[in-house]
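Working notes for the structure below.
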Number of protein chains: 2
Amino acid sequence: MRPKAILHALSDPVRAAIFTQISGQGCVEACSDVAVVGDKAIPKSSLSHHIKVLREAGLIRCERHGVEMRNHSRCSEVDQRFPGLIAAILGAYALVRA
Amino acid sequence: MRPKAILHALSDPVRAAIFTQISGQGCVEACSDVAVVGDKAIPKSSLSHHIKVLREAGLIRCERHGVEMRNHSRCSEVDQRFPGLIAAILGAYALVRA
DNA sequence: TCCCATAGTTCGGAATATCGGAACTATTGA
DNA sequence: TCAATAGTTCCGATATTCCGAACTATGGGA
């Protein structure tokens with residue numbers, strides 16, 4: 001869980017949106033067919049890649065539950081290690097979107 | 001000045017170190033020959049590129065003074081727009097280095 | 001004025017990363 | 001065992017990164 005990987009992961013607006021969604025909803029994200037993030041259609045192979053990047057950055061944890069994968073935010077763990085980092089980043093994106 | 005560009009710029013530890021150095025010293029950075037950032041030697045073409053990325057992200061401002069270029073941190077302007085962002089990022093790197 | 005030295009940028013090619021369609025694997029239910 | 005759904009891996013096209021070499025810009029002499 002290094003800053004480099006976290007920043008790289010969240011420097012992509014699509015991944016930031018995915019992470020926001022995972023953090024907000026507590027979990028889940030279907031890769032099947034085409035998923036929609038924000039208002040953009042993402043092919044499942046790309047989504048799978050994005051989720052891998054988020055996982056390897058330590059931002060989310062993935063568990064297989066039967067046929068589907070559940071993605072959980074590791075927000076609190078990251079925040080414990082790097083206080084305020086995630087809030088500042090997601091806050092910055094939110095400011096732009098507003 | 002978008003979060004995407006800022007995060008991308010600072011997701012490179014070398015650029016984060018350059019930015020920290022510029023923020024700390026107020027300015028300056030010689031591209032001539034080979035510069036040293038942290039304890040790593042950086043060819044001047046790479047350094048020039050890094051500085052361009054920082055500039056285009058809105059993190060620094062560059063002024064030519066005679067033959068040399070002076071780089072100033074735009075930290076306070078960025079902080080006004082995205083409160084806490086830079087502090088959180090540089091803080092995260094500092095935690096790792098410590 | 002002309003040339004040199006120094007600071008920095010741009011070019012170009014090799015290495016590397018990204019995106020997304022197609023094929024593949026994994027799991028469950030019938 | 002087969003079908004359906006969820007997700008991963010492969011691979012080719014495209015874009016990015018890195019860095020040496022060539023180039024540009026500025027100032028200071030002779």
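What you are looking at is a predicted structure, and each value in this text was computed from that prediction instead of being measured. In what follows, every chain begins at residue 1, and chains take the letters A, B, ... in the order their sequences are listed.
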Atom-to-atom span, CG of B:Leu47 to P of D:dG20 - whole angstrom: 13 Å
Residues that A:His50 engages under side-chain hydrogen bond (donor to acceptor under 3.5 Å, both in side chains), provided they are two or more places apart: A:Arg15
Residue list, side chain to side chain contact (heavy atoms under 4.5 Å, CB included) with A:Ala87, at least two apart or on another chain: none
Side chain to side chain contact (heavy atoms under 4.5 Å, CB included) partners of A:Arg61, counting only residues at least two apart: A:Glu63, A:His72, A:Arg74, A:Glu77
Separation of D:dG7 C1' from A:Ile60 CD1 (nearest whole Å): 13 Å
d(CD, B:Glu68; P, C:dT6) in whole Å: 14 Å
Heavy-atom protein contacts under 4.0 Å, nucleotides 22-30 of chain D, coded B base, S sugar-phosphate only, - none: ----BS---
Side chain B:Ser46, main chain B:Ile42, donor-acceptor under 3.5 Å: no
Summary of side chain to side chain donor-acceptor pair (under 3.5 Å) pairs that have at least one residue in residues 3-13 of chain B, sequence neighbours excluded: none
Gap between atoms NZ and C1', on B:Lys52 and C:dG8 respectively (whole Å): 12 Å
d(CD1, A:Ile22; C1', D:dG7) in whole Å: 14 Å
Polar-atom pairs under 3.5 Å, protein N or O versus N or O of nucleotides 14-20 of chain C: list them with distances, or write none.
from	atom 1	to	atom 2	distance (Å)
C:dT18	OP1	A:His8	NE2	2.9
C:dG20	OP2	A:Ser46	OG	2.8
C:dG20	N7	A:Ser45	OG	3.2

Polar side-chain atom of A:Ser23 near backbone of A:Phe19 as donor-acceptor pair, under 3.5 Å: yes
For B:Val67, all residues meeting side chain to side chain contact (heavy atoms under 4.5 Å, CB included), sequence neighbours excluded: none
Below 4.0 Å: OP1/OP2 of C:dT9 and any side-chain N or O of B:Arg55: yes
Separation of atom CD1 in A:Ile18 from atom C1' in D:dG7, rounded to whole Å: 14 Å
Residues in side-chain hydrogen bond (donor to acceptor under 3.5 Å, both in side chains) contact with B:Glu56, at least two apart in sequence or another chain: none
Nearest-Å distance for atom pair CG/C1', residues A:Asn71 and D:dG7: 10 Å
Separation of atom CG in B:Leu54 from atom C1' in C:dT9, rounded to whole Å: 16 Å
Those residues that, when tested against B:Ala17, pass side chain to side chain contact (heavy atoms under 4.5 Å, CB included) (two or more places apart): B:Val37
